[in-house]
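On a predicted model such as this, the values are computed, not experimentally measured, just so you know. Throughout, numbering of the chain's residues begins at 1 and tracks the sequence.
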Amino acid sequence: MSGVSQHSVSQHGASQHSASQRDVVFTPFMLRVRAALDGESPPVPVPVRASEPRRLARAADEWFRLRCRSEQVVAEANAMLRGRTGTLDLADEAGTGRLAFTVRWGDRSACLSLGLSPGQAGRQGWVRMERSYLPAGEPEEPAGPAALEDLMVELLQPFHPTP
């Protein structure tokens, strides 16, 4: 059965996917999305850090890196979602006076924005992440571009509060 995923049951009754030739074209993140859709992936908290003001150029650079990485992560996730469920939507905010983008899946969304403090000497900025399915708390941002993979998987799974 070349190119078809083999599915077997272990002696303990647990389902196991064995790699197929087709699986080698998938990134580890794509396989993680598939596992999340199959209910085989436990929720993993998104690594975050406090969102703090910094030089505007540094804040804008970080926001831009997150926006660029989001394109790739959403495309990889959507490759696994097509034909199984609705896809993730990535939309830039326009006409609001701020730089922001939102990733949405159904009624769940995460917005990453660049905030500005133009009145301060040396202009300050910060990156902020807001998730529609979590109560507002202290301002936070992803701990880096790699955290976006965890964010996309979190959007795809029902929210389970951590104790």
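Arg65 places no side-chain N or O within donor-acceptor distance of the main-chain N or O of Ala60, the cut-off being under 3.5 Å. Distance alone, capped at 3.5 Å, places no donor-acceptor pair between the Trp126 side chain and the Leu116 backbone. Distance alone, capped at 3.5 Å, is enough to place a donor-acceptor pair between the Ser51 side chain and the Val127 backbone. A donor-acceptor distance shorter than 3.5 angstrom exists from the side chain of Gln157 to the backbone of Ser41, with no hydrogens or angles considered. Counting only distance, with no hydrogens or angles, the side chain of Thr85 and the backbone of Leu81 share no donor-acceptor pair below 3.5 Å.
Across all their heavy atoms, Arg131 and Ala110 have their closest contact at CG-CB, 4.1 Å. Pairing each heavy atom of Asp150 with each of Pro47, the nearest pair is OD2-CD, 3.2 Å. A pairwise comparison of heavy atoms in Phe29 and Met152 identifies CZ-CB, 3.9 Å as the closest pair. The shortest heavy-atom contact between Pro142 and Ala147 is CB-CB, 4.0 Å. The two residues Ala36 and Val153 come nearest to each other via the heavy atoms CB-CG1, 4.0 Å. Of all non-hydrogen atoms in Arg98 and Cys111, the two that sit nearest each other are NH2-SG, 3.6 Å.
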Step by step, would you call Arg34 with Glu40 a salt bridge (Lys or Arg N to Asp or Glu O under 4.0 Å)?
CA-CA 9 Å; Arg34 181 173 69 188; Glu40 299 171 357; over 6 Å; no
Side chain to side chain donor-acceptor pair (under 3.5 Å) between Thr27 and Glu76, intermediate numbers included:
CA-CA 8 Å; Thr27 66; Glu76 288 184 23; 2.7 Å; yes
Given the rule in the salt bridge (Lys or Arg N to Asp or Glu O under 4.0 Å) test, do Glu93 and Arg67 qualify, once you have shown the distances and angles that lead to the verdict?
CA-CA 12 Å; Glu93 203 170 288; Arg67 174 62 181 82; over 6 Å; no
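In this structure the side chain of Leu88 reaches within 4.5 angstrom of the side chain of Leu155, judged on heavy atoms. Counting only heavy atoms from C-beta outward, the side chains of Phe101 and Ser70 approach each other to under 4.5 Å. With a 4.5 Å cut-off on side-chain heavy atoms, Glu141 and Leu112 do not count as touching. Counting only heavy atoms from C-beta outward, the side chains of Leu151 and Met129 approach each other to under 4.5 Å. You'll find the side chain of Arg69 stays beyond 4.5 Å of the side chain of Val74, heavy atoms only. Here the side chains of Phe26 and Met80 are in contact, with some heavy-atom distance below 4.5 Å. Using a 4.5 Å cut-off on side-chain heavy atoms (C-beta onward), Arg55 and Arg123 make no contact. Inter-residue side-chain proximity for Val44 and Arg32 is flagged as met; some heavy-atom pair is nearer than 4.5 Å.
Residues passing the ring pair (Phe, Tyr, Trp, His ring centres under 6.0 Å) test with Trp105, sequence neighbours excluded: none.
Asp89 contributes atom CG, which lies 7.0 Å from atom CZ of Arg104 (distance to the nearest 0.5 angstrom). Atom-to-atom distance recorded for Ser132:OG and Asp107:CG is 6.5 Å, nearest 0.5 angstrom. Atom CE of Met30 and atom CD of Glu149 lie 11.5 Å apart (nearest 0.5 Å). The OG1 atom of Thr87 sits 4.5 Å away from the CG atom of Asn78 when rounded to the nearest 0.5 Å.
The only option from Arg49, Arg128, Arg54 that meets the salt bridge (charged side-chain N to carboxylate O under 4.0 Å, His left out) definition with Glu62 turns out to be Arg49.
Atom CZ of Arg58 has 12 or fewer heavy atoms from other residues, nucleotides or ligands within 6.0 Å.
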